[in-house]
Structure formats: structure tokens, C-alpha cells
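Below is one structure; the comments refer to it alone.
Remember, it's 1-based here, ligands and their atoms both numbered in the order they're listed. Position 1 is the first residue of the sequence; numbering continues from there.
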Amino acid sequence: KEERSYMENSRKPFAIYQFIDKRVVTLVLSAGFCDLFGYDSYAKAYYDMDNDMYKETHPDDAARIADAAFRFATEDGKYDVIYRSLNKQGDGYRIIHAKGEHYYTDTGVRLAQVWYTDEGCYSADDNKTSSFTHSLANALCEESFIKATYYDHLTGLPSMTYFFELADIKRRQIKSNGGRPALLYMDLSGMKYFNHKYGFAEGDTLLQCFARTLAETFGNESCSRLGQDHFAAVVQTSGLNSELETLFDKCRRINEGRSLSVHVGVYQHWYDGIAASMACDRAKFACDTLRHLYSSGYSYYNLSMKDEEEKQRYIISNLDKALSEGWITAYYQPIVRAVNGRVCDEEALARWIAPEKGMLSPADFIPILEDHKLIYKLDLYMVDCIIKKIGILRDAGLHLIPQSVNLSRSDFDTCDIVEEICRRVDAAGISHDMLNVEITESIIGQDFEFMKEQINRFRERGFAVWMDDFGSGYSSLDVLQSIDFDLIKFDMRFMQKLNEGNTGKIILSELMKMATFLGIDTVCEGVETPEQVQFLQETGCSKLQGYYFQKPIPVEGILQKYEKGIQIGFENPEESDYYDTVGRINLHDLSFIAQGVKGGLDNYFNILPMAVIEIYDGQVRFARTNQSYREFMDRYFAFKVNDKQETYHDKPKDAAEIFIKTLVRSSETGDTMYVDETLPDSSIVHSCLRRLAVNRCSGKIAVAVAVLSIVKDETGTTYANIARALAADYVNLFYVDLEDESFIEYSSIAGDDELALERHGKSFFEASRKDALKLIHKDDRERFIKAFTKENILSEIDRCGTFVYSYRLLKDDVPVLVNMKAVRMQHDRKHIIIGVRNNESDN
Ligand code: C2E
Ligand code: MG
Ligand code: MG
């Protein structure tokens with residue numbers, strides 16, 4: 001006691017330490033020491049030295065001197081270090097020179113005495129310092145590079161191995177004091193992203209701030225930076241929760257608020273037999289369960305985690321065996337084309353059938369294999385399975401359709417997955433378009449540019465890349481905007497939400513429309529009910545997958561089903577393009593049919609009756625219809641459009657005749673056509689038809705039909721009505737907008753009373769005068785050009801009701817005399833209609 005008070009009163013800055021339980025413990029601090037380091041009470045000084053010895057030390061020096069102190073304590077020799085310590089005002093650093101020696105007490109205890117000298121102010125700015133401190137500062141920089149082994153160089157916390165030794169002792173101490181020890185594993189959530197956003201220097205600063213906070217809370221020697229952004233600490237279990245809450249609160253404010261949330265896994269009930277490293281693994285396990293939590297939080301290791309951990313260990317240690325013994329196999333689920341109900345792709349899904357344990361679902365083993373970066377083994381194995389399967393189906397004489405394989409993020413890190421897959425597929429002599437690569441949207445968010453490049457590499461080599469589970473993450477639209485996919489697979493949750501009010505339907509339908517505009521195919525997975533199938537068929541979803549059609553089965557199952565004749569047939573790959581096109585249009589969306597119809601559809605309803613009709617060999621089949629089309633057919637024609645869509649038109653009735661004729665013509669010419677049908681109640685149905693695609697294999701032709709209006713008023717003179725009446729007589733009809741001079745030109749097909757829409761144009765009058773140079777007999781040209789102005793025509797019409805004009809038109813260089821007549825539309829002062837009539841055929 002006497003000796004201590006004598007020493008404490010000394011004005012010389014020094015300290016006496018003893019090495020107990022593998023750590024440096026402070027015995028005595030002198031008054032000079034307290035003065036030098038700015039302490040006004042001994043208690044505070046002792047507390048800091050025991051708990052956070054390097055609190056005031058420059059972060060770049062802390063690890064080095066901690067390490068030197070540790071060596072000095074455990075080995076013989078001298079202690080001689082220079083470092084920077086925060087000055088009393090806290091606004092800069094002083095250079096401290098510390099020298100130490102060992103000596104033994106009468107009782108044989110080895111103590112260390114360390115003397116401290118203030119070498120002056122530290123400044124990184126050369127001009128301000130004397131040459132002496134300057135050289136010290138230089139020495140400092142050099143020393144800083146010496147790698148510390150016991151202490152982490154960045155944070156000054158004990159490094160992992162040393163920490164495990166310290167932790168064991170601390171655990172025993174807590175226990176012998178009647179407490180319950182626990183080990184914490186801590187993870188800063190989103191460190192990668194933080195580095196990416198602010199840079200590595202800023203990331204390091206955050207790690208240092210966090211380490212300081214930990215040292216303050218639990219004591220420097222009770223904590224560790226295990227590596228990267230992972231930390232650990234040994235603590236008392238009692239009062240831990242509130243201590244953690246305080247820690248989270250502090251962490252929010254460190255580094256001027258530029259911080260991250262903290263995930264903490266707690267391993268309590270720490271028995272004697274459990275080594276610190278094992279305790280740390282378990283705490284990490286608990287911490288990992290917080291992976292999806294965005295805020296700070298903690299999780300206690302419990303018994304169910306123990307089971308999980310055992311399962312994890314089983315999976316990891318048995319993977320190679322499971323692959324070589326064939327415990328893991330591929331099951332295949334068909335993906336069915338919405339328009340023809342045939343299987344157009346299949347997805348390979350991994351199944352692990354473990355001896356004794358039974359079937360493990362992918363949810364059990366995929367995340368574990370992903371975490372341990374072993375999934376590439378499984379995924380390449382699945383590619384091998386697919387290659388074998390293609391051989392089996394080929395031998396069985398079945399159509400070969402593309403097979404989907406699922407890839408995980410770490411596949412791209414652990415190997416060059418693009419090359420690996422290429423090599424396997426090429427060695428088997430299989431064409432690249434036989435393999436689709438499914439990548440979930442969530443994995444793309446991480447390291448975007450890299451993933452984009454990999455996806456492009458797959459696509460350049462001819463593999464289709466599908467975005468799996470679209471809508472399950474947060475970055476879906478972002479990703480779509482910057483990466484080209486061949487297909488979007490909508491996550492199962494869309495199907496689950498489909499019946500919750502209208503919102504689900506609207507969102508899915510609009511997303512489908514978006515995909516169509518982007519020229520991307522779509523699949524919905526998790527289709528389980530006929531109602532879902534019908535909705536998806538209407539919205540133009542290209543392909544469907546789900547238990548409604550079939551659960552995943554092994555390849556033997558597929559063959560058996562084929563033998564029994566109960567397998568859904570495979571699509572002929574040569575017809576795939578045709579069905580791609582037919583399947584894609586959204587029957588809830590007018591824009592397809594509206595292409596090229598200027599201003600024409602604005603006045604019509606939003607959801608029109610729409611259908612896709614297939615024409616083949618004089619027969620007609622409704623390939624796809626929407627709900628309003630089915631209602632329309634039922635109401636006006638008492639015709640039930642069959643759900644199976646196998647119904648053929650019987651002999652056309654009178655009204656239908658015009659329609660069928662137009663339909664056939666549109667299928668042959670590819671022109672957009674309009675048709676008016678008179679219904680039994682004498683109202684008029686005005687429809688638009690347009691060819692979609694031709695199936696080169698079967699000769700089937702698909703035509704899209706939209707019912708644009710149903711006019712009840714018998715006297716209602718729709719434009720099409722007048723035009724049709726006139727059509728037989730006229731060579732050309734022009735419908736001209738007087739305001740902007742745009743026009744639509746219709747040509748009739750000689751002898752028929754329907755119209756084929758020909759073209760749209762601008763600047764009608766000017767264009768006509770230009771055309772006159774080519775199309776009108778040279779003797780009539782000048783006169784025509786002079787007469788054919790808007791002003792002239794309108795003043796004539798206003799004077800005598802019509803504008804009439806005769807001239808010779810050149811048809812294949814032969815002059816034909818024609819009459820032109822222009823009238824205003826009856827109720828529409830904005831438009832005129834101009835007819836050009838062949839005068840000679842009349843005679
Ligand atoms: P995924 O790629 O989205 O696969 C679709 C999952 O939905 C499959 O589950 C499938 O069996 C299931 N499913 C299909 N139709 C329905 C349905 O109508 N209702 C319901 N409730 N479920 C349906 P599974 O086979 O359990 O696979 C789960 C996930 O595991 C897959 O999701 C995929 O991401 C992953 N996975 C499976 N096999 C592999 C593989 O070989 N490699 C990789 N990397 N991941 C795989
Ligand atoms: Mg998938
Ligand atoms: Mg999926």
C-alpha cells in the first residue's frame with residue numbers, strides 16, 4: 001500500500017503492469033502519467049487502462065503497440081515504442097515515447113515498469129514541427145507498417161486467435177464470480193454496400209469507430225475483430241439485452257451518423273466443454289438468422305438452431321457422396337405454352353433423397369450450399385443430369401425442348417460457370433438453345449455490373465437467360481432496365497395474390513404488358529387453379545408452370561407417362577416461334593390492334609372483346625378469347641366459345657359470312673381490315689382484324705380480332721357504313737382531317753363490298769399534288785395541281801355541296817378517266833371524304 005501510494009504520487013509519468021491470465025493488467029499509475037494523458041482522477045485512469053487501454057491512441061498505432069506490449073509481457077527483452085496519443089484538448093495528437101523493463105518483486109512476481117515521455121506535438125504538416133519530432137513522426141509511419149499479430153492492425157482489438165485465448169479465461173472469471181458468460185458474434189449489416197458507396201477509407205473509419213464503441217462497452221480485451229466486418233465479445237448474460245440496445249443506439253450515432261446497423265448473435269449457456277471457437281460458430285449461426293433484417297437486432301442461439309446446425313453439417317460433409325452415389329437427382333417440371341397447352345420447356349429441380357433421412361427439399365440444402373460456396377458442384381451436376389436426360393428423350397423419339405437450370409450467385413464466384421456449362425454442353429454435342437439459365441433477380445443486385453457481363457456472356461453463346469422469381473425482391477424493375485433477359489418468370493406470390501381483390505390482377509396484367517413491350521416472354525409459376533390459367537391466357541402470359549399441370553417428376557416418370565399416354569405432349573420446336581407471337585398479345589390491351597389506326601380507337605371502350613382466331617383448311621378456331629369476347633359471342637350470337645378452344649364454327653350464318661370472308665382475306669393479305677356485321681336486332685358490330693403470325697409447319701394462320709363498337713341506332717351512319725356503301729364504286733376513298741390535313745386512304749377490292757385499310761398519311765393536299773406528277777396524265781397535271789387546294793375544294797363544297805372533278809389517271813401507263821367527288825361528313829365539319837371513281841367501268 002505504502003509502495004503504491006509512493007509510486008502514485010510520483011510526478012514522473014510511468015506505470016507498472018503485470019501479465020495475468022494472458023493479458024496485461026495495470027497495477028500502478030503515477031500522477032505524472034495521469035497528468036500526461038489528461039486524467040483528473042485515478043479511478044478513471046485505472047478503469048480506462050483495464051477496459052480500453054488504447055482508447056486515446058491513434059487508431060493506426062493501437063494494434064502495433066498493443067502487440068509490442070503483448071510481446072514484451074510474454075517474452076523477455078525491452079519495450080520501446082513511439083506512438084501518437086490524443087492530447088488533453090482532444091483536438092490533436094502528441095507523440096509519446098514509451099520504454100519498459102521487467103523486474104521481479106521479493107515474492108518472485110514479474111512486473112513491468114514503463115516510462116512515458118512526451119516528445120511534442122504530432123502534425124502531419126511538415127512545416128509546423130521541429131526536425132526532431134519530424135524524424136519521430138517519420139519513424140512512426142515506418143513502425144505503423146510492422147504487422148501486428150496479436151492485435152488487429154485496423155482497430156487495435158485483439159485478433160481472433162488471441163481473442164479465443166482471452167475469451168476462455170474471461171468466461172471462467174465470469175463464472176467464478178457467479179455470473180453467466182455469453183459470447184457475442186457481431187456483424188455490420190451492409191458493409192459491402194457501404195464501402196461501395198463511400199469508399200474503403202470511410203469503411204475503415206466506420207470499423208474503427210465501431211471497435212471503439214465495443215471497447216468502451218465491453219472492454220478492449222474482451223472484444224475482437226475476427227476479420228472483415230465481423231466482431232466478437234465475451235460478456236455477462238445478465239442485463240445483456242439492455243446493454244445491446246444501448247450499443248445499437250450508440251452505433252447509430254458513431255462516425256457522424258454515417259453508420260450501419262448491427263446484427264448480434266448470442267451464444268449463452270456456455271458450458272465448460274465448449275471451446276471459444278465453437279461458441280463463436282454458434283453465435284454466428286444465431287447472427288446469420290438475422291440476415292434479412294434491415295435494422296439492428298440480436299438473436300439467441302437455441303435448440304432448434306442446434307438441429308439446423310447439425311443438418312447443415314450433414315449436408316456439407318455429405319455433398320460429395322450424395323452426388324457420386326446419386327442421392328441427389330433432377331426432377332423436372334413442365335412449363336406449358338398457354339396457347340396450345342403443350343410442354344415447351346422443362347425446369348430441372350434438385351431433389352436430395354438421403355438414405356434414412358428421406359427426401360430433402362431444395363429449401364433445406366440450397367441455402368446452405370450457397371452459404372458455403374459449394375452450390376456450383378450441385379448446379380454443374382444438374383447440367384450433367386439434363387444432358388443425360390436429353391439423350392434419353394432423343395432415344396425415345398420425343399420432341400426435344402429446352403431445359404432450364406437454376407443458378408446461384410456463388411456459381412459465378414467459385415468458377416467460370418459460363419465456360420463450365422459451355423464445355424459440358426459442347427462435349428455432349430447439344431445445341432446451346434436447348435438450355436435456359438434461370439437466375440433469380442435477387443442475386444443480380446449484388447455486384448450489378450459483373451452479373452450483367454456474365455448474363456451477356458451466356459446470351460452471346462446462345463443460351464437463353466431467364467429472370468426467375470421476378471417480383472420477389474426489391475430491384476426487379478431496376479434490373480430489367482439494364483439487363484437483357486429472354487424471359488421473365490413471375491414469382492409464385494403473384495398467383496397467391498391473384499384473388500385478393502382486383503389489385504393483384506391489375507398489377508400482373510400491367511407487368512405482363514410491360515414485358516410484351518420489351519419483347520420479353522413471360523412465365524407464371526405456381527399456377528394451381530383453372531381460374532388462374534384462364535386469367536393468364538387472357539393477359540398474354542406466354543407460358544405457365546405449376547401443380548395445375550404437373551408437379552416435378554423424375555425422367556423415368558416422364559417416360560412412363562408417355563407410355564401410358566397421359567403425359568402432356570411436347571411442343572414441336574419448329575412451331576415455337578409461331579406460338580411465341582400468338583401467345584404474347586394481351587387481350588386486355590388495345591395497343592396491339594391500335595397500331596397504325598390513327599386516332600381511331602380513342603373513343604372506344606377500355607376493355608374490348610378481343611380474340612385470336614386460327615384459320616386452317618377452311619376452318620376457324622378460337623385460339624384465345626377474353627371474357628368480354630366470350631360474353632359478346634354468347635349475347636349476340638348465342639354462341640358458346642368453348643373453354644378448351646377446340647370449337648369450330650359451323651356453317652356460317654348470314655351475318656357471320658361477311659366476317660368470315662374478311663377474316664380469311666386478312667389472313668391471306670396481312671392487311672388490317674374492318675368489318676361491319678348486322679346483328680339480328682339490327683345493331684351493327686364494327687370489328688377490326690389483323691394477321692398475327694403464320695405457322696410454317698401446320699399452315700395455321702392466327703388473326704387478332706377486336707370488337708370496336710356495337711351501334712344500336714339503325715340510322716347511325718358510321719363512317720365505315722358510308723364507306724362500305726360507296727366502296728364498290730370507288731377506286732380510292734380518302735378520309736381527310738381538315739385541321740391537320742392527315743388522312744386515311746382506303747382501297748376497295750374490285751367487286752367486293754369490304755374495305756382493306758391501306759395507309760395513313762400526312763399533308764393530304766400537298767401529297768396529292770405531288771402524286772399528280774406521277775399518277776396523272778401529263779395534259780391534265782397542271783390543271784389538277786391548280787385546282788386541288790384545300791381552299792378551292794372547301795369553297796366549292798360550301799358553294800354547291802360537293803366538289804367534283806374529272807381527270808385522266810395513269811394505270812400501268814394507260815390513261816383511265818376518273819371522277820373525283822368530295823363531300824363533308826354529315827355531322828362532322830372537321831372531316832371531308834373524297835372518292836375517286838372509275839368513269840369508264842361505269843360505261
Ligand atoms: P424456383 O426456381 O422458383 O422453382 C420453382 C419452385 O416452385 C420449385 O420448388 C417447384 O417445385 C415449386 N412449384 C412449382 N409449381 C408449384 C405450384 O403450383 N405450387 C407450389 N406451391 N409450388 C410450386 P423446389 O423444387 O422446392 O425449388 C425451390 C427453389 O430452389 C427453386 O425455386 C430454386 O430457386 C432452387 N433450386 C431448385 N433446384 C436448384 C438447383 O439445381 N440449383 C439451384 N441453384 N437452385 C435450385
Ligand atoms: Mg427456377
Ligand atoms: Mg422461381
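- The residue among Leu349, Ile335, Thr440 with a heavy atom at the shortest distance from atom 37 (C) of ligand 1 is Leu349.
- Distances from atom 1 (P) of ligand 1 to the protein include at least one heavy-atom value under 4.0 Å.
- Residue contacts with ligand 1, taken as heavy atom pairs separated by less than 4.0 Å, do not involve Met495 at all.
- Inter-residue side-chain proximity for Ile455 and Ile439 is flagged as met; some heavy-atom pair is nearer than 4.5 Å.
- Under a 4.0 Å criterion applied to the non-hydrogen atoms of Val527, ligand 1 contributes the atoms 18 (O).
- Ring pair Tyr562/Phe570: centre-to-centre distance below 6.0 Å.
- Protein N/O/S atoms found under 2.8 Å from the Mg ion (ligand 2): Glu347 OE2, Asn406 OD1, Glu438 OE1, Asp468 OD2.
- Looking at Val262 and Phe231, their side chains never come closer than 4.5 Å, going by heavy atoms from C-beta outward.
- For atom 32 (O) of ligand 1, the protein comes within 4.0 Å by no heavy atom at all.
- Under 4.0 Å from ligand 1, not a single heavy atom of Lys489 appears.
- Residue contact check: Asp469 has heavy atoms under 4.0 Å from atoms 3 (O) of ligand 1.
- Contact of the Gln454 side chain with the Ile417 side chain is not registered, since no non-hydrogen atoms from C-beta on lie closer than 4.5 Å.
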